Amino acid sequence: MRHRNSKSMMVVAGETSGDAHAAKVIRALLEKKKDLKVFGMGGPRMAEAGMEVREDLTRQALIGVWEVLRHYPAIRRRFKQCEKWLKEEKPDLLLLVDFPGFNLRLAQKAHALGVKVCYYIAPKTWAWNEKRVQVLREVVDRLLVIFPFEKGYFKKHGITAHYVGNPLLEEMDLSPVKREAVLEQNGISPSHFPLVCVMPGSRKGEIAKIWPLFLRASRLFAKACPDAAFIVPKPQGLAHKDYRGLKPSDTLYFVEAPAEAMRKVCDVAWVKSGTSTLEMALLKIPMVVAYKVAALTGFLAKRFIKVKYVSLVNLLAGKAVVAELLQERAKPRRLVAETLRLLEKGEYRTGQLYEFGQIKKSISNPPNASQNAAEEILKLLGYSIRKSDLKI
């Protein structure tokens, strides 16, 4: 039973990554304030952390203009439900995690209703759609960011952003592993070389666009390197049928994601643009980045994206560290050629690994992003809290 003076917090996080990041923060909050009521929309990890997840938003993550338009009725229903909770339950705080297309509009509704808003993992307005900065400035009470450069960027736009550190550093196990032992545990012969980690994304929409490229490239690559094997970390909620076109002759091994140990023993990776590029950089695996979206989405993106690069690795490094094969440049032969360059173990490969180390240094301070985020949230809720009191 909640105490009469206990507080409540509504949380909305979409997609697998948002579920993971939010879960750590929720766990830290409830460790200190056990009577804090936490409810809203999220995913299974948030539920495990102690949140009352009323609808799972990770089941159907959408990409691209066409997919959003096609699923608009469901999106509108979810939005109306969130708006109803805000009006009827009047939470003390609305915590929004990434998912900007949905969450920024909800932030406006909450602000109009007098509900405080905290935004964790800011919309990437520095990359595209800078008009969203005005919305953030007007309706968000506290903005928590996870990349060092974001603090200065938002300051230029009149927003005080709190850099809490990067959550990947606490969510991932970066310790070394023994290659043969890991392969044996997964039933894979150590004679395979090279091992290529294949990561076409965690959403069905992404896989439908990127998987055919990776599958064709794997067959082409196998002709040049007959002993090669391909490791596919399969995200929760996806089935083998989502990876269409497989043949018995394909040397593809599916492992349950996050499969960090398996990823560590790979020699190179094919990664769709997104958070996974930073994950692979932290695991010190040289990579080629690829991304494909629907023609309409790609057409619009070229006109609105402001940054020179799309992968987080290149954005954080401020230069072209990894090759980006996007849209019409995403061809199997080009992907294979870049992969063979990385396997030569020359300056191209060592240069990537060096830059990966520099990126890790740049996001390592402060540590414990989830604890830092929880501290800021508790302050906004009106609690007097010491940082040393927060434990996960």
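Just so you know, these numbers come straight off a predicted model, no measurement behind them. FYI, side chains are in, hydrogens and waters are out, and symmetry mates aren't considered; it's all heavy atoms of this structure. Numbers here are sequence positions counted from 1.
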Point to revise | Residues Val115, Lys90; criterion side-chain contact (heavy atoms from CB on, under 4.5 Å); working and verdict | key: CA-CA 7 Å; Val115 177; Lys90 297 181 176 61; 5.7 Å; no

Exercise for review: Kindly confirm or rule out a cation-pi arrangement of Arg244 over Trp211, judged by NZ or CZ under 6.0 Å from the six-membered ring centre and within 45° of its axis?
Suggested key: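 Here Arg244 fails the 6.0 Å and 45° test against Trp211.
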
Side-chain heavy atoms of [X] within contact of [Y], under 4.5 Å:
| X | Y | answer |
| --- | --- | --- |
| Ser189 | Leu183 | no |
| Lys292 | Leu326 | no |
| Glu150 | Tyr163 | no |
| Leu282 | Leu174 | yes |
| Val12 | Val97 | no |
| Pro226 | Phe221 | no |
| Ile121 | His21 | yes |
| Lys379 | Arg142 | yes |

Does the distance from a Lys or Arg side-chain N to an Asp or Glu carboxylate O, for [X] and [Y], drop under 4.0 Å?
| X | Y | answer |
| --- | --- | --- |
| Arg77 | Glu55 | yes |
| Glu89 | Lys84 | no |
| Lys116 | Asp92 | no |
| Glu206 | Lys204 | no |

Exam field: side chain [X] to backbone [Y], donor-acceptor pair closer than 3.5 Å:
| X | Y | result |
| --- | --- | --- |
| Asn372 | Gly165 | no |
| Tyr309 | Ala320 | yes |
| Asn186 | Ile188 | no |
| Asp227 | Pro194 | no |
| Asn103 | Asp98 | yes |
| Asn314 | Val322 | yes |
| Asp141 | Val117 | yes |
| Glu170 | Ser370 | yes |

Would one find more than 12 heavy atoms of other residues, nucleotides or ligands at under 6.0 Å from atom [atom1] of [X]?
| X | atom1 | value |
| --- | --- | --- |
| Phe193 | CZ | yes |
| Gln236 | CD | no |
| Arg137 | CZ | yes |
| Glu184 | CD | no |

Within this structure, what is the [atom1]-[atom2] distance for the pair [X] and [Y], rounded to the nearest 0.5 Å?
| X | Y | atom1 | atom2 | value |
| --- | --- | --- | --- | --- |
| Leu113 | His111 | CG | NE2 | 10.5 Å |
| Tyr119 | Leu106 | OH | CG | 9.5 Å |
| Met280 | Thr277 | CE | OG1 | 10.0 Å |
| Cys118 | Leu93 | SG | CG | 6.0 Å |
| Cys197 | Trp270 | SG | CH2 | 11.0 Å |
| Met287 | Ile285 | CE | CD1 | 8.5 Å |

Name the atoms and distances for all side-chain donor-acceptor pairs under 3.5 Å in residues 252-267, with sequence neighbours left out.
unit_1, atom_1, unit_2, atom_2, d
Tyr253, OH, His192, NE2, 3.2
Glu256, OE2, Lys234, NZ, 3.2
Glu260, OE1, Asp173, N, 2.8
Arg263, NE, Pro258, O, 3.0
Arg263, NH1, Glu279, OE1, 3.0
Arg263, NH2, Pro258, O, 3.2
Lys264, NZ, Asp173, O, 2.7
Lys264, NZ, Ser175, O, 2.4
Asp267, OD1, Arg179, NH1, 3.3
Asp267, OD2, Arg179, NH2, 3.4
Asp267, OD2, Leu195, N, 2.7

Practice item. Given side-chain contact (heavy atoms from CB on, under 4.5 Å), test Lys24 with Arg45 step by step and report yes or no. Key: CA-CA 9 Å; Lys24 295 281 286 185; Arg45 294 187 184 182; over 6 Å; no

Heavy-atom closest contact ([X] atom, [Y] atom, distance):
| X | Y | answer |
| --- | --- | --- |
| Leu29 | Ala374 | CD2-O, 3.6 Å |
| Phe356 | Ala281 | CB-O, 3.5 Å |
| Leu96 | Ala107 | CD1-CB, 3.6 Å |
| Leu238 | Gly201 | CD1-O, 4.3 Å |
| Pro332 | Leu213 | N-CD1, 3.5 Å |
| Ser276 | Val271 | OG-CG1, 3.2 Å |

Review point. Which is it for Phe147 and Ser362 under the side-chain contact (heavy atoms from CB on, under 4.5 Å) test, yes or no, and what are the steps along the way?
Key: CA-CA 9 Å; Phe147 298 116; Ser362 74; over 6 Å; no

Point to revise | Pairs where residues 334-355 contributes a residue and the test salt bridge (Lys or Arg N to Asp or Glu O under 4.0 Å) is met, not counting sequence neighbours | key: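 Qualifying pairs, neighbours excluded: Lys319-Glu355, Glu338-Arg341.
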
Point to revise | Phe79 vs Arg105, side-chain contact (heavy atoms from CB on, under 4.5 Å): CA-CA, chis, key distance, verdict | key: CA-CA 9 Å; Phe79 188 85; Arg105 289 181 57 234; 3.7 Å; yes

Same apolar cluster: [X] and [Y], side chain cutoff 4.5 Å:
| X | Y | result |
| --- | --- | --- |
| Val25 | Met41 | yes |
| Phe230 | Val182 | no |
| Tyr120 | Phe149 | yes |

Check your understanding: Are Gln134 and His157 close enough that a side-chain donor and a side-chain acceptor fall under 3.5 Å?
Key ->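 Not at all, the side chains of Gln134 and His157 share no donor-acceptor pair under 3.5 Å.
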
Check your understanding: Should Glu130 and Thr125 be marked as a side-chain hydrogen bond (donor to acceptor under 3.5 Å, both in side chains) after you check the CA-CA gap, both sets of side-chain angles, and the distance that decides it?
Key -> CA-CA 5 Å; Glu130 197 167 68; Thr125 55; 6.0 Å; no

Point to revise | Evaluation steps, salt bridge (Lys or Arg N to Asp or Glu O under 4.0 Å), between Arg27 and Glu48 | key: CA-CA 9 Å; Arg27 187 169 285 110; Glu48 290 173 7; 5.1 Å; no

Practice item. Tell me whether the centres of the aromatic rings in Phe154 and Trp126 are closer together than 6.0 Å. Key: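 Ring centres of Trp126 and Phe154 not closer than 6.0 Å.
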
Practice item. Before giving the answer on side-chain hydrogen bond (donor to acceptor under 3.5 Å, both in side chains), spell out for Glu324 and Ser273 the whole-Å C-alpha distance, their side-chain angles and the decisive distance to 0.1 Å. Key: CA-CA 8 Å; Glu324 297 182 349; Ser273 180; over 6 Å; no

